[in-house]
Amino acid sequence: MKFRIPRGTADVLPKESRIWDFIEQTAKNVFKRYNYKEIRTPIFEHTELFQRGVGETTDIVEKEMYTFKDKGDRSLTLRPEGTASVVRSFVENKLYADPDPVKLYYIGPMFRYERPQSGRMRQFTQIGVEALGSNDPRIDAEVISMALRQFEEMGLDNLRLEINSVGCSSCRPVHREKLVTYLHDVKEQLCKDCQSRLERNPLRILDCKNETCKSLTKEAPTIEQHLCDDCRTHYEDLKGHLDSMGISYIENPRLVRGLDYYTQTAFEIMAEGIGAIGTICGGGRYNGLVGEIGGNDVPGIGYAFSIERIVLALKAKGIDLGLEQGLDVYLIALGQEAKTVATKILDNLRKNKLSADMDYLDRKMKAQMKAADRSDAQYVIIIGEDEIAKQKVILRNMETGDQKEVSFDDLIETISSQIIKR
RNA sequence: GCGGCCAUGGCGAAGUGGUUAACGCACCGGAUUGUGGCUCCGGCAUCCGUGGGUUCGAUUCCCACUGGUCGCCCCA
């Protein structure tokens with residue numbers, strides 16, 4: 001055993017890939033109903049895109065990016081998230097010329113250099129959406145409801161939706177400054193992490209789990225108190241739309257998203273079974289990002305969830321996707337001549353839309369029967385010397401054990417009419 | 001970047017400072033000639049993550065490294 005998988009990555013083996021496919025298909029099905037279209041962007045981008053888009057002071061940019069130089073001395077980075085790339089593409093391809101809003105989704109791997117743990121990998125797969133061009137709170141509500149609908153249809157319940165408004169470029173700085181001033185006096189009592197947060201991302205201090213920090217921030221200025229009229233109205237409208245759709249949510253005034261580009265609406269969806277993490281989906285509005293990346297002042301909102309975490313949540317629920325679908329036919333050939341004939345028959349079965357396989361290991365009949373049984377085939381076709389002489393095969397129903405002779409010419413029609421499609 | 005726990009065959013899992021490292025599952029072969037699922041029999045780790053050290057002797061003791069896992073930070 002010489003080679004091992006790199007740290008923080010995982011192979012999705014056939015058994016598991018069924019669940020992945022189920023998740024992807026379910027998500028795509030919902031996207032279609034909501035009129036979101038797929039976009040595929042490169043897995044790497046110019047490093048500067050993420051520095052600008054995600055934010056210089058975020059953990060992602062400061063210490064988690066897979067950055068490398070190519071042979072042309074360009075600094076490139078494996079994408080750590082999807083939004084910056086989509087916005088880049090939106091601007092570069094002038095998608096703003098399309099009727100607003102532009103509604104996009106993507107599915108693909110993301111990369112962050114972190115210590116792996118349950119629900120956190122260095123390469124992980126995100127399914128995400130971006131709706132660009134509208135600042136209407138109704139689209140915030142649409143996006144949130146779409147996420148919940150996807151998880152519901154995947155079989156997840158007991159989900160917890162938390163929402164908040166983090167303000168905009170006019171009201172957030174005011175709050176931020178008051179908060180920093182307030183906390184500066186008690187800086188020495190804050191935990192080590194929060195002391196550094198005070199400089200980098202003071203809003204996060206409000207979300208600290210440390211008991212001392214919690215009590216110190218109890219009376220601290222909240223974002224909610226400082227929202228400007230626009231942001232307040234936007235937030236109230238969003239809640240109204242969620243209410244009218246019957247979506248229950250928890251207002252969490254301390255909910256802060258880690259990436260710099262978020263404005264106004266922020267939300268998270270939590271589920272059981274994701275280790276210590278809990279969050280399966282995070283999202284929010286980013287009205288300044290398109291401008292930051294070189295486009296016009298286009299508002300946007302989006303979210304992303306990771307397939308890995310959905311798989312964990314599904315497993316925690318004991319989701320059963322049912323048995324793997326078995327083969328229609330397994331072919332057993334005995335002897336050289338029969339094998340040649342069987343190869344042709346096998347091809348013909350497949351050509352006629354039947355799933356079929358045969359032995360390639362020169363195994364004896366008993367072993368081939370065993371293989372047929374394991375493949376959960378509905379029928380077995382047996383061809384040996386006798387059958388070739390008669391230009392017939394034996395067709396055996398594996399469920400009942402009944403078997404009969406069928407001529408080569410009638411084989412496809414006979415099987416096709418008897419197969420139970422499943 | 002920091003901390004806890006762990007590291008035996010394809011998988012799960014016993015075990016001991018000293019000749020042949022349990023067992024279960026899976027897999028392969030057999031139980032008379034070309035027929036599965038049950039049963040029975042047989043096979044399947046010259047080796048116990050890697051490298052050092054202690055020792056007459058280590059898979060069992062110590063150290064380092066690597067990896068896994070869980071948690072912190074942060075996040076999907």
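Throughout, a chain's letter reflects where its sequence line sits, starting with A, and its residues are numbered from 1.
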Considering only heavy atoms, which members of residues 402-419 of chain A lie under 4.0 Å from some atom of RNA chain B? A:Gln403
Has the side chain of A:Glu387 got a donor or acceptor atom sitting under 3.5 Å from an opposite partner on the base of B:G34? yes
Ignoring hydrogens and angles, are the base of B:A76 and the side chain of A:Glu114 linked by a donor-acceptor pair under 3.5 Å? yes
Applying salt bridge (charged side-chain N to carboxylate O under 4.0 Å, His left out), run through A:Glu292 and A:Arg52 and close with a yes or a no. CA-CA 7 Å; A:Glu292 182 68 29; A:Arg52 288 280 291 282; 3.1 Å; yes
Ignoring hydrogens and geometry, is there a side-chain-to-backbone donor-acceptor pair from A:Asp328 to A:Ser355 under 3.5 Å? yes
Roughly, in whole Å, what's the span from CZ in A:Arg396 to C1' in B:G36? 7 Å
Would you say the rings of A:Tyr249 and A:Phe267 are close, in the sense that their centroids are separated by under 6.0 Å? no
Counting heavy atoms not belonging to A:Lys404, are there more than 12 under 6.0 Å from its NZ? no
What integer number of Å spans the P atoms of B:G49 and B:A7? 9 Å
Looking at every strand, decide which applies to A:Ile394 at a 4.0 Å heavy-atom threshold: base, sugar-phosphate, or nothing. base
Under 5.5 Å centre to centre and under 30° between planes: does that hold for A:Phe305 and the six-membered base ring of B:A76? no
By side chain to side chain donor-acceptor pair (under 3.5 Å), which residues pair with A:Asp409, not counting sequence neighbours? none
Is any side-chain nitrogen or oxygen of A:Gln117 closer than 4.0 Å to OP1 or OP2 of B:G71? yes
Polar side chain donor-acceptor pair, A:Thr217 to A:Arg254, under 3.5 angstrom: yes
Short side-chain N/O contact from A:Arg374 to OP1 or OP2 of B:C27, under 4.0 Å: yes
List the steps and the verdict of side chain to side chain contact (heavy atoms under 4.5 Å, CB included) for A:Ile332 and A:Asp359. CA-CA 7 Å; A:Ile332 292 179; A:Asp359 171 70; over 6 Å; no
Note, A:Phe305 side chain near A:Ile269 side chain (heavy atom, < 4.5 Å): no
Has the side chain of A:Arg115 got a donor or acceptor atom sitting under 3.5 Å from an opposite partner on the base of B:G71? no
Mind checking what makes ring pair (Phe, Tyr, Trp, His ring centres under 6.0 Å) contact with A:Tyr66, not counting sequence neighbours? A:Tyr113
In this structure, how many angstroms lie between the P atom of B:G10 and the CG atom of A:Leu13, rounded? 15 Å
When you measure from the side-chain N and O atoms of A:Ser118 to the phosphate of B:C70, is any distance below 4.0 Å, counting only OP1 and OP2? yes
Expressed as a whole number of Å, how far does the C1' atom of B:G17 sit from that of B:U59? 10 Å
Show the atom names and distances, to 0.1 Å, of all donor-acceptor pairs under 3.5 Å that link a side chain in residues 273-290 of chain A to residues at least two apart or in another chain.
unit_1   : atom_1 : unit_2   : atom_2 : d
A:Thr279 : OG1    : A:Glu268 : OE1    : 2.9
A:Arg285 : NE     : A:Asp140 : OD1    : 3.3
A:Arg285 : NE     : A:Asp140 : OD2    : 3.1
A:Arg285 : NH1    : A:Ser134 : O      : 3.1
A:Arg285 : NH1    : A:Asn135 : OD1    : 3.2
A:Arg285 : NH1    : A:Asn287 : OD1    : 3.0
A:Arg285 : NH2    : A:Ser134 : O      : 3.2
A:Arg285 : NH2    : A:Asp140 : OD1    : 2.6
A:Tyr286 : OH     : A:Glu130 : OE1    : 2.4
A:Asn287 : OD1    : A:Gly300 : N      : 3.4
A:Asn287 : ND2    : A:Asn135 : OD1    : 3.0

Output a table of donor-acceptor pairs, distance under 3.5 Å, between side-chain atoms of residues 335-346 of chain A and any protein atom two or more places apart or on a different chain; print 'none' if there are none.
unit_1   : atom_1 : unit_2   : atom_2 : d
A:Lys339 : NZ     : A:Asp362 : OD1    : 2.3
A:Thr340 : OG1    : A:Gln336 : O      : 3.3
A:Thr343 : OG1    : A:Lys339 : O      : 2.8

Measuring from atom CZ of A:Arg112 to atom NZ of A:Lys63, what distance do you get when rounded to the nearest 0.5 angstrom? 12.5 Å
Heavy atom of residues 357-366 of chain A under 4.0 Å from RNA chain B: which residues? A:Arg363, A:Lys364, A:Met365, A:Lys366
Could you tell me whether A:Gly128 contacts a base, only the sugar-phosphate backbone, or nothing, with contacts defined as non-hydrogen atoms closer than 4.0 Å? nothing
Categorize A:Gly335 for me: base, sugar-phosphate, or nothing, with a 4.0 angstrom heavy-atom threshold over every strand shown. nothing
Once ring pair (Phe, Tyr, Trp, His ring centres under 6.0 Å) is applied, do any residues pair with A:His241, and if so which ones, sequence neighbours excluded? none
In whole angstroms, how far is the C1' atom of B:G37 from the CG atom of A:Leu327? 16 Å
In whole angstroms, the gap separating P of B:C75 from CE of A:Met270 amounts to 12 Å
Can you list, by residue number, the residues of residues 146-167 of chain A that have a non-hydrogen atom closer than 4.0 angstrom to RNA chain B? none
Within residues 23-41 of chain A: residues closer than 4.0 Å to RNA chain B (heavy atoms): none
For nucleotides B:U19 and B:A58, find the distance between their C1' atoms and express it as a whole number of Å. 15 Å
Donor-acceptor pairs under 3.5 angstrom involving side-chain atoms of residues 379-389 of chain A: please list them, not counting sequence neighbours.
unit_1   : atom_1 : unit_2   : atom_2 : d
A:Tyr379 : OH     : A:Gln418 : OE1    : 3.1
A:Glu387 : OE1    : A:Gly384 : N      : 2.8

List in chain and number order the residues that pass side chain to side chain donor-acceptor pair (under 3.5 Å) with A:Arg115, two or more places apart in sequence or in another chain; answer none if no residue qualifies. none
Judged by each residue's nearest nucleotide on RNA chain B, which is more toward the 5′ side, A:Glu385 or A:Ala367? A:Ala367
Using whole Å, what does the distance between atom P of nucleotide B:C38 and atom CE of A:Met369 come to? 13 Å
Within a reach of under 6.0 Å around CD of A:Glu272, are more than 12 heavy atoms found that belong to other residues, nucleotides or ligands? no
Between C1' of B:G34 and CD1 of A:Ile381, the distance in whole Å: 16 Å
Please determine whether a side-chain nitrogen or oxygen atom of A:Arg7 lies at a distance below 4.0 Å from atom OP1 or OP2 of B:G68. yes
Under 4.0 Å between any heavy atoms, over every strand shown, what does A:Ile280 touch: base, sugar-phosphate, or nothing? Just pick one. sugar-phosphate
Would you confirm whether the ring centroid of A:Tyr36 sits within less than 6.0 angstrom of the ring centroid of A:Tyr105? no
Mind checking if A:Ile382 touches a base, just sugar-phosphate, or nothing, with heavy atoms under 4.0 Å? base
Could you write out RNA chain B as dot-bracket? Rules: Watson-Crick or G-U wobble, both distances under 3.5 Å, brackets [ ] for crossings, | for pairs with another strand, dot for unpaired. (((((((..(((.....[....))).(((((.......))))).....(((((..]....))))))))))))....
Assert: residue with more 5' nearest nucleotide on RNA chain B, out of A:Gly8 and A:Ala304, is A:Gly8
Would you kindly give the CG-to-P distance between A:Asp386 and B:G34, to the nearest whole Å? 11 Å
Distance-only side-chain donor-acceptor flag, A:Gln150 / A:Tyr34, under 3.5 Å: no
